[in-house]
Amino acid sequence: AGGWMMCQHPQHGVLLKPAFPASASRLPASNHSNQASKTQATISQNPPEASANAAQAEQRLREQREAEQRMDQKRREEEAARAAKLREQQEAERRKAQQEQEMIRREAEAKQRAEEEKAQAALAVQLAAEQEQLLEAFAEAAASGDPSAIKKARDAAKKGGVPTKEIARVFALAQAQRPAE
């Protein structure tokens, strides 16, 4: 807001040095007073209008700053939401990969157990067949009555893992079938 300022005071003297040349102060009195009255009229008419324009300009600036702040806040929130969504997707992918690995591991363990059980079953069948042969050889030796053959067949059956009860049962049956001497 422009206007006139007092440069000289009757009690205090010169307040400000004029920025204009000294010749400008020597304008005719009618011209100087005419200009002053125009300026005074402009000032008296413009202050409410000027202050209203300034208030509107400040209001617009304030609204513009608030709109920019809202847009910045919205952008930050969108970025945070995108980052959170990306983290969730990555976490979901990690869990899915972990579940797939766990499933593959379980399938491999199940397959290995099945193979071991199959191998054990085959070994059990083979062992049972060997034990059956040892018991048959022991039964023949017991039926023959030769003590050294019985001892050799019994020791072989024990070494082959035939239970002692089974050896005793076969020996008792063989003795019962042998003719009395």
Side-chain angles (χ1 to χ4, degrees), residues 1-3 19 46-181:
N46 287 343
E49 192 177 298
S51 64
N53 287 343
Q56 288 175 353
E58 285 181 33
Q59 181 65 25
R60 273 187 254 125
L61 280 173
R62 210 175 305 119
E63 289 172 357
Q64 188 177 8
R65 275 189 232 118
E66 288 173 359
E68 288 174 358
Q69 289 173 350
R70 283 191 304 269
M71 289 179 69
D72 286 345
Q73 180 66 25
K74 185 177 179 181
R75 182 181 43 78
R76 284 192 298 269
E77 288 172 357
E78 287 173 353
E79 287 175 0
R82 276 194 299 270
K85 188 174 183 178
L86 180 63
R87 282 192 301 272
E88 288 175 9
Q89 286 175 343
Q90 290 172 342
E91 181 65 22
E93 289 173 1
R94 185 190 63 78
R95 280 193 306 263
K96 184 178 178 183
Q98 196 174 26
Q99 288 172 348
E100 287 174 356
Q101 288 176 348
E102 182 67 20
M103 189 172 69
I104 290 170
R105 184 186 62 79
R106 286 180 184 167
E107 287 174 356
E109 287 176 355
K111 187 176 181 180
Q112 184 179 4
R113 276 194 304 273
E115 288 175 359
E116 288 174 357
E117 289 172 359
K118 190 176 181 180
Q120 286 177 351
L123 284 175
V125 168
Q126 182 182 0
L127 183 64
E130 289 175 2
Q131 287 178 352
E132 187 65 31
Q133 288 175 350
L134 290 172
L135 280 174
E136 286 177 11
F138 179 69
E140 288 175 9
S144 72
D146 181 16
S148 65
I150 293 173
K151 187 175 179 188
K152 280 184 181 178
R154 184 197 69 205
D155 290 344
K158 280 186 174 181
K159 198 172 190 178
V162 177
T164 307
K165 279 186 173 183
E166 197 64 25
I167 295 172
R169 184 185 65 79
V170 169
F171 182 74
L173 287 174
Q175 289 296 319
Q177 290 177 355
R178 200 174 97 175
E181 293 178 14

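A pairwise comparison of heavy atoms in V170 and A139 identifies CG1-CB, 3.5 Å as the closest pair. Across every non-hydrogen atom of A141 and A153, the tightest pair is CB-CB, 3.9 Å. The heavy-atom pair separating I150 from F138 by the smallest distance is O-CE1, 3.7 Å.
Between R75 and E79, at least one side-chain N (NZ, or NE/NH1/NH2) sits under 4.0 Å from a carboxylate O, which counts as a salt bridge. Between E107 and K111, no side-chain nitrogen of the basic residue sits less than 4.0 Å from a carboxylate oxygen of the acidic one, so the salt-bridge criterion is not met. Of the charged side-chain nitrogens involved, none lies within less than 4.0 Å of a carboxylate oxygen, so that K158 and D155 do not count as a salt-bridged pair. Salt bridge annotation for R94-E91: present, with a cationic side-chain nitrogen under 4.0 angstrom from a carboxylate oxygen. Between E117 and R113, no side-chain nitrogen of the basic residue sits less than 4.0 Å from a carboxylate oxygen of the acidic one, so the salt-bridge criterion is not met.
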Inset, instruction - Evaluate side chain to side chain donor-acceptor pair (under 3.5 Å) for Q89 paired with E93, printing each intermediate quantity in order. - result: CA-CA 6 Å; Q89 286 175 343; E93 289 173 1; over 6 Å; no

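Using a 3.5 Å distance cut-off with no hydrogens or angles, the side chains of Q120 and E116 do not pair a donor with an acceptor. Using modelled atom types and a 3.5 Å distance limit, the side chains of R87 and Q90 yield no donor-acceptor pair. With hydrogens and angles left out, the side-chain atoms of Q98 and R95 include no donor and acceptor closer than 3.5 Å.
Of the inter-residue distances, the one linking E68 atom CD with L61 atom CG reads 9.5 Å to the nearest 0.5 angstrom. Atom CZ of R70 sits about 8.5 Å away from atom CD of E63, to the nearest 0.5 Å. Atom-to-atom distance recorded for Q69:CD and R62:CZ is 12.0 Å, nearest 0.5 angstrom.
For the pair E166/R169, a side-chain contact is recorded, criterion being any heavy-atom separation below 4.5 Å from C-beta on.
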